[in-house]
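Contents: one structure, followed by commentary.
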Amino acid sequence: MEHFKNILQIRGEELDSSAPRLPGADRGGAQLSVIIPTLNAADTLAGLIDQLRASAVVSEIIIADGGSSDETVAIAAATGAQIVATMRGRGNQLAAGADAVAGDWFLFLHADCRLAPDWEASVAAFLSAPEAASRAGYFDFALEDDVPAARRLERIVAWRCRWLSLPYGDQGMLIARGLYDVLGGFAPMPLMEDVEMVRRLGRRRIARIGARSIASARRYRRDGYWRRSLRNLSCLILYFAGVPPERIRRLYR
């Protein structure tokens with residue numbers, strides 16, 4: 001565990017916590033630009049967009065599509081979301097989506113997630129903090145499954161975030177444009193782009209938002225909770241060991 005902690009601090013410590021506040025700190029009336037990477041997400045995308053459209057704090061929704069062959073793009077177009085066609089791979093897609101954003105606050109979400117009903121109040125509280133523009137926020141992990149294995153996994157992820165400061169992309173990321181630009185944005189990686197970004201942020205610039213992101217349990221139900229969790233852990237270990245993300249992606253499927 002200590003080894004993981006040290007790795008996560010490598011790049012983040014380069015950013016001085018006493019640095020001046022970054023652009024994008026107009027917190028009082030902050031509006032969110034939501035970026036969603038998609039690839040054949042027709043089954044889940046409409047529900048997420050409907051939730052975001054009902055929010056007063058969301059000003060625009062960017063769908064960064066990596067070449068979907070289903071109805072994903074048509075669904076996004078029907079809702080009025082802006083569509084950005086880009087190379088496949090979440091890192092590429094997230095970066096392309098951010099490049100198309102007009103606002104000062106980015107909220108990156110996965111297409112198969114939903115936000116808990118209290119998410120807007122929690123985001124408002126996060127943004128009201130003086131240090132909001134100098135840190136990135138993440139949601140608590142939850143699964144849309146009632147089985148005990150889902151609750152156990154949620155507790156494990158909460159432990160991982162608390163002690164390793166290592167949220168994953170399915171927990172979302174709320175970040176000011178200024179901080180995002182200072183970090184250099186998401187790397188063009190097919191996988192592990194979320195972990196790589198967290199490494200650059202560093203522990204002191206990662207904070208809980210205080211609401212849940214409820215992720216699809218489809219992969220866990222398909223593969224089994226223990227098998228899927230071990231596979232995800234194996235991917236993380238391989239990444240820290242220096243294995244190229246292109247190779248890790250074969251294991252992640």
Do the side chain of T72 and the main chain of S68 share a donor and acceptor less than 3.5 angstrom apart?
-> no
R53, CZ atom: more than 12 neighbouring heavy atoms under 6.0 Å = yes
Validation row: L236, L166 side chains within 4.5 angstrom (heavy atoms) | yes
Hey, is CZ on R222 packed in by over 12 heavy atoms from elsewhere, all under 6.0 Å?
-> yes
More than 12 heavy atoms from other groups under 6.0 Å of CD on E71 | no
Minimum-distance pair of heavy atoms, taken over all atoms of I49 and A81 = CD1-CB, 4.5 Å
Take L109 and L52 through the test side-chain contact (heavy atoms from CB on, under 4.5 Å) and record every step on the way to the result.
-> CA-CA 11 Å; L109 294 174; L52 296 171; 4.1 Å; yes
Would a distance-only check, ignoring hydrogens and angles, find a side-chain to backbone donor-acceptor pair under 3.5 Å from Q51 to L115?
-> yes
Inter-residue atom distance I209.CD1 - L107.CG, 0.5 Å rounding | 6.5 Å
Do we get R160 above Y168's six-membered ring, with its NZ or CZ under 6.0 Å from the centre and within 45° of the axis?
-> yes
Where the side chain of E196 meets the backbone of M192, is there a donor-acceptor pair that is under 3.5 Å apart?
-> no
Which heavy atom of A136 sits nearest a heavy atom of F126, and at what distance?
-> C-CZ, 3.9 Å
Salt-bridge present (E144, R221; N to O < 4.0 Å) | yes
Do L238 and V198 belong to the same hydrophobic cluster, where Ile, Leu, Val, Met, Phe, Trp and Tyr are linked whenever their side-chain heavy atoms lie under 4.5 Å apart, directly or via other members?
-> yes
Minimum heavy-atom distance between I75 and A46, given as atom pair plus value | CG2-CB, 3.9 Å
Does a donor on one side chain and an acceptor on the other come within less than 3.5 Å for S33 and E60?
-> yes
SB check E154 R151 (cutoff 4.0 Å) = yes
Does a donor on one side chain sit under 3.5 Å from an acceptor on the other, for Y220 and N232?
-> yes
Working for side-chain contact (heavy atoms from CB on, under 4.5 Å), residues V147 and Y225 | CA-CA 10 Å; V147 300; Y225 272 83; 3.8 Å; yes
Between I156 and I206, is there a shared hydrophobic cluster once you connect ILVMFWY residues whose side-chain heavy atoms come closer than 4.5 Å?
-> no
Residue pair D181 / L179, side-chain heavy-atom distance below 4.5 Å = no
Under the side chain to side chain donor-acceptor pair (under 3.5 Å) criterion, do Q171 and S213 qualify, and how do the steps go?
-> CA-CA 6 Å; Q171 296 174 254; S213 174; over 6 Å; no
Non-hydrogen side-chain atoms of F106 and L174 separated by less than 4.5 Å | no
When you check the side-chain N and O atoms of N92 and T86, is any donor under 3.5 Å from an acceptor?
-> no
Same cluster for V57 and I61 if Ile/Leu/Val/Met/Phe/Trp/Tyr side chains link at under 4.5 Å?
-> yes
Heavy-atom pair with the smallest gap, counting every atom of A30 and L127 | CB-CD1, 3.7 Å
Step by step, work out the salt bridge (charged side-chain N to carboxylate O under 4.0 Å, His left out) result for D140 and R208.
-> CA-CA 7 Å; D140 295 337; R208 289 180 65 231; 2.7 Å; yes
Would you check if V84 and D65 make a side-chain contact, meaning some heavy-atom pair closer than 4.5 Å?
-> no
Considering all heavy atoms, the nearest R177-A102 contact = NH2-C, 3.6 Å
Is a side-chain N or O of T79 found less than 3.5 angstrom from the main chain of A76, in a donor-acceptor match?
-> yes
So, do I63 and L45 sit near enough that their side-chain heavy atoms are less than 4.5 Å apart?
-> yes
Is a donor on one side and an acceptor on the other found under 3.5 Å between the side chain of N40 and the backbone of S69?
-> yes
D170 side chain near F141 side chain, heavy-atom distance below 4.5 Å | yes
Look up atom CZ in R114 and atom CD1 in I214, then write down how far apart they are to the nearest 0.5 Å.
-> 9.5 Å
Atom CZ of R135: over 12 foreign heavy atoms under 6.0 Å | yes
Main-chain N/O of W119 paired with R212 side-chain donor or acceptor, under 3.5 Å = no
Using the six-membered ring wherever Trp is involved, compare the ring planes of Y180 and F186 and label them parallel, tilted or perpendicular (cut-offs 30° and 60°).
-> tilted
Measure the shortest side-chain to side-chain distance between I175 and L183 over non-hydrogen atoms and say whether it is less than 4.5 angstrom.
-> yes
Please report the shortest heavy-atom distance between G97 and I35, naming the atom on each side.
-> CA-CG2, 3.8 Å
Are any of the side-chain heavy atoms of D194 and M173 separated by less than 4.5 Å?
-> no
Report yes or no: do L251 and Y239 belong to one cluster of Ile/Leu/Val/Met/Phe/Trp/Tyr joined by side chain heavy-atom distances under 4.5 Å?
-> yes
Is there a chain of hydrophobic side chains (I, L, V, M, F, W, Y, each step under 4.5 Å between heavy atoms) that links V157 to M197?
-> no
